[in-house]
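All values below come from the heavy atoms of this structure, side chains included, with hydrogens, waters and symmetry mates left out.
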Amino acid sequence: MFDFSTVVDRHGTWCTQWDYVADRFGADDLLPFTISDMDFATAPCITEALHQRINHAVFGYSRWKNDEFLAAVAHWFQQRFNSRIDTDTLVYGPSVIYMVSELIRIWSKPGDGIVVHTPAYDAFYNAVQGNDRKVVPVSMQKSATGWMCDMTRLEAELAKPDNTVLLLCSPQNPTGKVWTRDELNIMAELCDRYDVAVISDEIHMDMVWGDHQHTPWNEVAKRKWALLTSGSKSFNIPALTGAYGLIDDDKSRASYLKALKGRDGLSSPSVLALTAHIAAYEQGEAWLDALRAYLENNLHYVAEQLNAAFPQLNWQPPEATYLAWIDLSPLGIDDKSLQKVLIEQQKVAIMPGYTYGVEGQGYVRLNAGCPRSKLEQGVERLIAGIQSLL
């Protein structure tokens with residue numbers, strides 16, 4: 001019913017992943033599996049809705065706080081997560097990371113510690129350090145059953161009075177961990193006990209595989225908290241900009257909106273982003289489910305090929321996200337040497353794990369959000385690059 005196999009040429013579209021790959025990797029002739037957007041055209045219902053809005057041909061200032069947008073978000077949370085949200089607490093933002101940064105400024109002061117599970121999405125480090133706060137890492141542990149958080153270590157950091165915010169990634173990027181409801185409840189209780197605010201980035205909430213279930217933070221929340229997300233990852237529309245969140249505390253929500261509108265002048269959203277979100281959340285479920293099945297099969301393909309070539313890896317697909325977080329440490333390969341081979345010989349761009357902190361050393365992160373034909377080339381080149389160093 002939906003076609004995810006046809007390759008769409010993204011060259012010449014000002015595309016970060018394809019047209020500007022040299023910015024990070026130093027060469028522009030690489031096959032990229034890098035930044036976390038996908039190579040698929042968005043859902044037909046979104047394209048149709050955008051055409052209708054464009055045909056109106058008037059693009060004046062718009063408002064995000066309208067009944068259609070609020071209802072669409074509420075419908076999505078109810079339909080996908082069986083979660084009822086209070087739309088009075090809903091806010092808009094140009095991006096999740098903008099919202100993260102603003103809430104860090106509201107809920108902490110310069111020099112404070114922001115607790116983050118590591119390895120972490122690289123933009124988290126930038127958002128924390130760019131606001132003159134300190135990243136307080138809590139390293140995750142890899143086990144035979146998946147990734148775990150040492151709750152004793154987490155409590156020790158949350159208990160320190162200068163650590164004022166927990167910046168949570170749920171599901172977690174880059175590990176792909178899905179936090180269980182029990183784990184989230186423990187974190188909520190600890191943050192309540194030590195008066196720590198929670199910022200939960202849930203942008204990958206729709207990309208959860210198998211029997212795993214995403215639990216939105218609003219289902220476990222206690223004290224000051226915000227849930228931030230967007231349809232941009234799920235429906236491949238990040239270039240339209242636009243995100244949204246739930247901020248339960250009235251005073252904090254008012255402070256956020258004052259900064260959005262007054263200080264930063266960003267309260268008028270992209271009308272195309274609103275149009276796309278409404279269409280996605282009201283009509284895009286069938287497309288998303290088909291995409292999810294395709295992506296899950298892609299991740300299993302990566303596992304089959306890697307484990308056939310290197311049985312000692314025993315790599316398993318992540319619990320969530322279309323980002324394959326691959327532990328190559330059993331092979332004893334130097335990270336920098338591998339990157340040199342991949343770029344110069346294999347002509348492929350795959351994110352080195354150290355991008356996401358010291359805990360990422362020995363890993364690579366491969367974006368599997370693409371047609372199978374492209375993924376086959378990428379995995380083949382990764383395997384060849386590794387073999388050349390063994």
Side-chain angles (χ1 to χ4, degrees), residues 3-11 15-18 21 24-25 27-40 119 142 146 173-176 204 207 209-210 233 236 291-356 360-390:
D3 177 14
F4 301 108
S5 296
T6 299
V7 174
V8 179
D9 186 1
R10 300 180 68 189
H11 289 103
C15 166
T16 298
Q17 183 168 187
W18 289 81
V21 66
R24 189 186 291 262
F25 291 88
D28 58 12
D29 58 345
L30 307 180
L31 186 66
F33 299 85
T34 56
I35 192 169
S36 57
D37 67 3
M38 297 182 285
D39 289 321
F40 307 118
K142 182 184 175 186
N173 175 13
T175 66
H204 291 284
M207 298 297 182
W209 315 125
K233 299 291 186 191
N236 205 34
L291 171 66
R292 282 163 39 84
Y294 192 93
L295 291 172
E296 192 168 9
N297 286 334
N298 269 1
L299 290 166
H300 283 290
Y301 170 81
V302 175
E304 291 167 4
Q305 297 302 308
L306 276 179
N307 294 333
F310 312 107
Q312 62 268 51
L313 293 184
N314 190 29
W315 185 77
Q316 301 300 315
E319 297 172 354
T321 83
Y322 48 81
L323 306 168
W325 182 240
I326 304 169
D327 182 5
L328 299 176
S329 59
L331 303 178
I333 294 175
D334 177 72
D335 291 358
K336 297 293 178 65
S337 297
L338 177 60
Q339 282 298 309
K340 184 177 176 63
V341 167
L342 293 177
I343 294 167
E344 295 180 2
Q345 298 179 20
Q346 298 300 324
K347 300 298 182 181
V348 64
I350 300 172
M351 297 295 284
Y354 52 75
T355 301
Y356 310 99
Q361 292 177 355
Y363 287 77
V364 292
R365 196 193 78 169
L366 184 148
N367 180 349
C370 59
R372 177 63 63 83
S373 59
K374 178 195 173 190
L375 184 62
E376 289 172 353
Q377 294 182 63
V379 173
E380 179 181 325
R381 297 185 197 190
L382 174 60
I383 290 172
I386 293 171
Q387 288 173 335
S388 72
L389 294 171
L390 294 178

Partner of Trp315 under side-chain contact (heavy atoms from CB on, under 4.5 Å), chosen from Leu328, Ile326, Asp327: Ile326

Shortest non-hydrogen separation from Leu331 to Leu390 and the atoms involved: O-CD2, 3.8 Å

Test log, rule side-chain contact (heavy atoms from CB on, under 4.5 Å), inputs Trp209 and Arg292: CA-CA 8 Å; Trp209 315 125; Arg292 282 163 39 84; 3.7 Å; yes

Listed partners of Thr16 passing side-chain contact (heavy atoms from CB on, under 4.5 Å), at least two apart: Ile35

pair Leu31-Val21: side-chain heavy atoms closer than 4.5 Å: no

Qualifying residues under ring-ring contact (aromatic ring centres under 6.0 Å, His included), relative to Phe310, sequence neighbours excluded: none

Where Ala309 and Gln387 come nearest, the two heavy atoms and their spacing: CB-NE2, 4.4 Å

Distance-minimising heavy-atom pair for Leu299 and Ala324: CD2-CB, 4.2 Å

Any donor-acceptor pair under 3.5 Å from Tyr322 side chain to Ser36 backbone: yes

Aromatic ring pairing Tyr363/Trp325, orientation class (parallel under 30°, perpendicular over 60°, tilted between): parallel

Distance (rounded to the nearest 0.5 Å) between Arg372 CZ and Asn298 CG: 4.5 Å

From Gln339 atom CD to Asp334 atom CG, the distance as rounded to the nearest 0.5 Å: 10.5 Å

For the student: nearest non-hydrogen atoms of Gly360 and Pro119, plus distance: N-CB, 4.3 Å

From CG (Leu30) to CZ (Arg24), nearest 0.5 Å: 13.0 Å

Flag side-chain contact, heavy atom, 4.5 Å: Pro317 against Val302: no

Leu382 side chain near Gln305 side chain, heavy-atom distance below 4.5 Å: no

For Arg365 against Pro174, the heavy-atom pair lying closest together: CD-CB, 3.9 Å

Full working for side-chain contact (heavy atoms from CB on, under 4.5 Å) between Thr34 and Asn367: CA-CA 6 Å; Thr34 56; Asn367 180 349; over 6 Å; no

Asp335: partners by salt bridge (Lys or Arg N to Asp or Glu O under 4.0 Å), with sequence neighbours left out: none

Side chain Lys374, main chain Val7, donor-acceptor under 3.5 Å: no

Distance-minimising heavy-atom pair for Tyr294 and Ser5: OH-OG, 3.4 Å

N/O donor-acceptor pair under 3.5 Å between Arg381 side chain and Gln346 backbone: yes

Interatomic distance, Phe4 atom CZ to Cys370 atom SG [nearest 0.5 angstrom]: 13.0 Å

side-chain contact (heavy atoms from CB on, under 4.5 Å) evaluation trace for Met207 with Leu295: CA-CA 9 Å; Met207 298 297 182; Leu295 291 172; 3.9 Å; yes

Non-hydrogen side-chain atoms of Leu323 and Pro318 separated by less than 4.5 Å: no

Rounded distance (nearest 0.5 Å) linking atom CG of Asp39 with atom CZ of Arg10: 5.0 Å

Distance (rounded to the nearest 0.5 Å) between Ser388 OG and Ile333 CD1: 8.0 Å

